[in-house]
Every structure is written in C-alpha cells, then in structure tokens.
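We count residues from 1, following the sequence as given. Both counts, for ligands and for their atoms, begin at 1 and track the order of listing.
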Amino acid sequence: MNQNLTTDRPTFVTHLECSMTGERYEADALHGLSRVGRPLLVRYDLDMLRAMIPRAMVAARPTDLWRWRELLPVRATRDIVSLGEIETPLVPLPRSGGPNVLVKDEGRLPTGSFKARGLVMAVSMAKALGVTRIAMPTNGNAGAALAAYATRCGIETIVFCPDDTPEINVREIALQGARVYRVNGLIDDCGAIVGKGAAEGRWFDFSTLKEPYRIEGKKTMGLELAAQLGWKLPDAIFYPTGGGTGLIGMWKAFDELEALGWIGPVRPRMYAVQASGCAPIVRAFEAGAEHAERWEDASTVAAGIRVPKVVGDFLILRAVRESGGRALAVGDPAILKAVDDAAKKDGLLLCPEGGATLAAYREALRTGEVDEDERVILFNCATGLKYPMPAADVALDRHAEIDLGLL
Ligand SMILES: *Cc1c(COP(=O)(O)O)cnc(C)c1O
C-alpha cells in the first residue's frame, strides 16, 4: 500500500461553516445542509498547518489524492475507503485545441470519472460518522462512484437516475452493488424522492452539495493542478458545470493554498461551461443575478451537466465573477464536433462534457475572451468510453478476393 495511506497524519479540521451566513457547525458530527438550506464548507487551522507542514514535504510524497491528507477532512487512516485515486495527467491538445491547451483527464480515476474524488471523501466520512444507508439522485457518474465506494465499505446504497441516463451508467451502478431505479423525470425530480426519504429518516441524503465532504474531495483538482504546474496556476480554467462542486472546490483550494503561502494571489479566470439546452448558471450570470432559476425542459447530450436547479448556484456565480471569468453555453452540435475533433486529430477520447469545454474554449478564442498564448486547462471529467460513439460497421468478407490497396 502506498505510504500516503499507511500512517495516520495530523488533521487540521476545526469546524464547518454555512456558505451563506458563516454560522459555525461542529466538526466530526453528521451534517446535511445548513439551517438556511445552503452547503456547509469545511474549515481548517491553516496557520497551524502552515507552521507544521512545509510544501516541500507534501511535494515529496507519492502523487495520489491522499498526498493532501492534512488538507482533507478524514482523520483516521482506517476510515479511508480507497480504490486507487491517482493524480490525473495533463494532456496537450495541440491540433484540436491549441499550443497552450492542456486537458486534465479525469477519466483515469476509479469508476472512470472525477466523481470518484468527491465520493471517496464523502463515503469515507460517512463511514467515519457511522452512516449505514445512503441515497442519491444522479445523472450517472456520481451514482457509479457512490456505489463502488459504499459497497467497498459495506454501506447500503439506493440510487435514482433519470430514465434516459446512459445505459452503461445504470448498469455499472447496479453491478457495483447499489439498488438503482430509473425515474421518469430529471435529476432534481430524483432529488425530491431522495429528500422525502431522508426527511422520513430512511437514509442519508448524498445529493450534490447536500453533504459537506464532496467539495473537499473535488478540491483536490485545484491542489493537484497547482502542484503539477509548479505552483503557478493557469490563466484560465474551463469547467463543465452541473452542480458546480468542482468549480467551487477548486476556488476554495486556491484560497487555502494562498493562506498556506504555497501559491501567490494570482488566480485563473474560471469559465463555467454549460450546454445551451440547460444553462441556468449562464442565464443568471448574464442577468447579474446572485441565484439561478430552474431551467425548464432541460436537454443536452452532455448528461453530466444536465442539472436544471443548483443548490450551490451563488457559490458558482461568486467564484466565476471574482475570478474575472464568465459562464458560457455551447450547443450540442459544437459539443459533438469537439469530441470528434479531439479524437480524430489528437487521439484523445473526451466525454461530451469534456467536449463542451473544448467547444467553449474555441468560442472564447473566436470572441477574444481568451488569447491563444494563454495557458488554459480544460476539464475532461469522465472517460469517453462510457458514452455512445458513432457506428463503425464496415465489414470484410475473408472468403472473397480482398483488394488490400483499397483498405
Ligand atoms: C458530474 C459531471 C460533471 C459536472 O460536475 P459538477 O462538479 O457537478 O458540476 C461534468 N462532467 C461529467 C462527466 C460529470 O459526471
């Protein structure tokens, strides 16, 4: 086992805090949303951490997610439910993207998506806090990661997904030990079922941002990026935004790294990318609003970002605005074209949500929002292998004469 997972390390969690009101909540107790119905954020004693843990010490460790132990909420090593959360590579996209474009390829993580980062943390904390049954609404990847980690530590899971969720997602969830139901509605309709059961005390609600620890897991994307880029953040980050956990998490990570003195005050512009068929954050951004209204009749090929109503809307909008970035919408044809180009020109298979970030980057280049010489990170959040691909069914009859010159 890797050395990041063999020893107990000091942890620095002091308390939890309401992201809206700042009200304090006790650490090491089970929490959902705050009293005003908003996400809770985990706070650390960063002064103490700064004094005790030099950056070079962390940099010298194996590069997986658990290298960041002191900045994460799990206290005891025995509670960590790991499936091998490796550091994901930054892959250049020279032909379909540009000379300064890197894709953070999150499809290499357990269960094939970055939902593993959030769920490994949330499930480990649920185990530490004695939770025995969890329910979740999902567009696919979160349910798969939940099922895998929860099954691994004996927690029961019930998962609800829209009935048009990609087939492979529904099957992987079932195979990894969850009870999975297809619901004739969207993810927030599934969330309503989860909420009702949670209110009746039947299970713990693991909806996006409704428990405090998925953000902490997703935060590691920001920590990792900083380390991979020599502690100098990129100029811009394009993030496919559904519930926004990753964008909110990275923004939090950058503040923590600065408080530790590990990076300076310069931040990337954060671009929240949505599909034009479901773009509540883009609409709110453009209206100058603090919150986003539900998007009716949501539809897009990028299932992972088909989230009509977002509980952390104000946190996404705040981060995007503070960073000097924008919220951008791209259409399904541009998304599919981007997936096709990255595969055919650069040999990298993106998921549709990853394709959306490439499509948005291209549009931002065109409008002058970004410059070609700026260092840009695109997030590919799941392996492209989970999604339908164009047919390839040209057959060859080995009994007939084959003209090899034509192949
Ligand atoms: C969940 C998901 C997203 C959206 O992530 P959030 O942090 O919830 O906004 C994007 N892409 C894929 C493939 C996903 O599974």
Under-4.0 Å salt bridge between Lys104 and Glu224: yes

Taking only heavy atoms of Pro240, which atoms of ligand 1 are found under 4.0 Å from at least one of them? 4 (C), 5 (O), 9 (O), 10 (C)

Nearest-0.5 Å distance, OH of residue Tyr239 to CE of residue Met250: 6.0 Å

For the pair Arg171 and Glu167, find out whether any cationic side-chain nitrogen is under 4.0 Å from an anionic carboxylate oxygen. yes

Using side-chain heavy atoms (C-beta onward) and a distance below 4.5 Å, is Ile53 in contact with Phe12? yes

Decide, yes or no, whether a salt bridge links Arg38 with Asp313 under the criterion of side-chain N to carboxylate O below 4.0 Å. yes

What is the closest protein heavy atom to atom 5 (O) of ligand 1, and at what distance does it sit? Phe114 CZ, 3.3 Å

Salt-bridge criterion met for Lys115 and Glu106 (N-O under 4.0 Å): no

Would you indicate whether the side-chain heavy atoms of Cys278 and Ile305 approach each other to under 4.5 Å? no

I need the nearest protein heavy-atom contact for atom 7 (O) of ligand 1: residue, atom name and distance, please. Tyr239 OH, 2.5 Å

Write out the residue and atom name of the closest protein heavy atom to atom 2 (C) of ligand 1, then the distance separating them to 0.1 Å. Lys115 NZ, 2.3 Å

If you scan protein heavy atoms around atom 8 (O) of ligand 1, the nearest is Gly243 N, 3.3 Å

Are Lys218 and ligand 1 in contact, using a heavy-atom cut-off of under 4.0 Å? yes

Can you sort out which atoms of ligand 1 are near Thr245, meaning under 4.0 Å from one of its heavy atoms? 6 (P), 7 (O), 8 (O), 9 (O)

Atoms in ligand 1 flagged as close to Thr241, the criterion being non-hydrogen separation under 4.0 Å: 9 (O)

Check whether any side-chain heavy atom of Val13 sits under 4.5 Å from a side-chain heavy atom of Tyr44, and report yes or no. yes

Heavy atoms only, cut-off 4.0 Å: how does Tyr387 contact ligand 1, side chain, backbone, both, or neither? side chain

Testing Asp346, Asp340, Asp341 for side-chain hydrogen bond (donor to acceptor under 3.5 Å, both in side chains) with Ser96, which one passes? Asp346

What do you reckon, does Ala142 put a non-hydrogen atom under 4.0 Å from ligand 1? no

Is Ala382 close to ligand 1, meaning an N/O of one under 3.5 Å from an N/O of the other? no

For the residue pair Tyr271 and Phe238, categorise the inter-ring angle as parallel (less than 30°), tilted (30 to 60°) or perpendicular (more than 60°). parallel

Where the closest heavy atom to atom 13 (C) of ligand 1 is concerned, which of Asn141, Thr383, Asn169 has it? Asn141

Atoms of ligand 1 less than 4.0 Å from Cys381 heavy atoms? 11 (N), 12 (C), 13 (C)

Any nitrogen or oxygen of Thr208 lying under 3.5 Å from a nitrogen or oxygen in ligand 1? Just yes or no. no

What about Ser113: any of its N or O atoms under 3.5 Å from an N or O on ligand 1? no

Out of all atoms in ligand 1, which are within 4.0 Å of some heavy atom of Gly246? Include the element for each. 7 (O)

